[in-house]
Amino acid sequence: MIDHKKIEQAVMLFLEGIGEDVCREGLKETPERIARMCGELYGGMEEDAAVHLSKTFSVDSSEMVIEKDITFYSTCEHHILPFYGKVHIAYIPDGKVVGLSKLARAVEVFARRLQLQEQLTGQIADALMESMQPKGALVMIEAEHMCMTMRGIKKPGSRTVTLAKRGVFETDSALEERFFRMMRAER
Ligand code: ZN
């Protein structure tokens, strides 16, 4: 549950902590503004991806489905700075597929909370497996981390790539190769 009062108090303390004058014009409404924004950035904690992923429809085919370049924005839990990029999802249906917009909705649920990229990747893959019971799922995330680009080693444009494989993708390496071929083919 997001507690606006606590966030406002914390932001006031934080601003004082970095030596700011919390009464100056530009900062007057900042604590309240941040508290409101937190609902949008971290509201995913109160949501369940299964709500979106359980709206499936039946198919005969068990051909690989790929939804690529799903844009996401999340927040790194180590620095509370944004990381953002693209999620690519592949799955092998077992009689059921899900509307393509629902995959993007499921990504949002996990992205809108404090995260680690590796964990985000795994959570999306697990949610797919649980809600849709496909034969297998593969999730790949390419992201830029502001904690790497605006501070620390400052390497703008560097991207972190993570991969999570479940079901048949874990045992059949030909499927993974096909995923990468299909990804390249359209680029
Ligand atoms: Zn970080």
Side-chain angles (χ1 to χ4, degrees), residues 1-22 26-27 29-53 66-90 102-130 137-166 169-170 176 179-180 183 187:
M1 198 44 202
I2 286 174
D3 184 331
H4 283 224
K5 262 275 89 47
K6 273 193 177 168
I7 297 166
E8 285 178 35
Q9 288 166 354
V11 173
M12 292 280 272
L13 276 175
F14 166 76
L15 289 171
E16 283 171 13
I18 61 170
E20 269 290 356
D21 169 9
V22 292
L27 293 178
E29 289 171 24
T30 296
E32 193 195 323
R33 203 179 282 124
I34 291 181
R36 263 184 280 127
M37 182 178 73
C38 284
E40 202 175 325
L41 298 191
Y42 311 123
M45 278 191 292
E46 291 162 27
E47 292 173 20
D48 183 357
V51 172
H52 306 295
L53 294 176
I66 296 186
E67 177 71 5
K68 57 178 226 166
D69 293 336
I70 302 169
T71 302
F72 80 95
Y73 296 87
S74 191
T75 309
C76 132
E77 67 183 29
H78 291 154
H79 302 92
I80 317 196
L81 282 175
F83 69 98
Y84 53 90
K86 306 278 189 197
V87 181
H88 315 293
I89 296 175
K102 303 295 186 237
L103 292 176
R105 293 245 179 271
V107 168
E108 287 270 289
V109 168
F110 295 111
R112 289 170 53 228
R113 50 181 90 177
L114 294 182
Q115 270 293 9
L116 295 171
Q117 185 177 331
E118 297 83 347
Q119 181 177 276
L120 174 61
T121 315
Q123 284 174 341
I124 297 167
D126 289 335
L128 280 166
M129 293 303 286
E130 274 166 38
L138 182 153
V139 177
M140 179 181 169
I141 300 185
E142 302 174 86
E144 182 169 327
H145 290 246
M146 294 300 278
C147 59
M148 302 253 296
T149 55
M150 75 180 282
R151 60 161 288 284
I153 56 169
K154 293 201 179 71
K155 288 278 177 267
S158 71
R159 286 182 305 168
T160 305
V161 181
T162 46
L163 197 69
K165 295 183 280 183
R166 301 288 185 270
F169 279 101
E170 290 177 283
E176 187 180 345
F179 164 78
F180 283 112
M183 289 284 297
R187 284 197 164 182

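Just so it is clear, the values below take in all heavy atoms, side chains as well, and ignore hydrogens, waters and symmetry mates. Order of appearance sets the numbers: ligands from 1, and atoms from 1 within every ligand. Since this is a predicted model, take the numbers as computed values, not measurements.
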Q.
Are the side chains of Val107 and Ile89 in contact, using a 4.5 Å heavy-atom criterion?
A. yes
Q: Taking both backbone and side-chain atoms into account, decide whether Cys76 has an N/O/S atom under 2.8 Å from the Zn ion (ligand 1).
A: yes
Q. With a cut-off of 2.8 Å, does any N, O or S atom of His145 fall short of it relative to the Zn ion (ligand 1)?
A. no
Q: Answer with yes or no whether the side chains of Glu142 and His88 bring together a donor and an acceptor at under 3.5 Å.
A: yes
Q. Looking just at side-chain N and O atoms, do His145 and Gln117 make a donor-acceptor pair shorter than 3.5 Å?
A. yes
Q. Is the backbone N or O of Ala90 less than 3.5 Å from a side-chain atom of Glu67, with the two atoms forming a donor-acceptor pair by type?
A. no
Q.
For the Zn ion (ligand 1), give me the closest N/O/S atom belonging to His79, just the atom name.
A. ND1
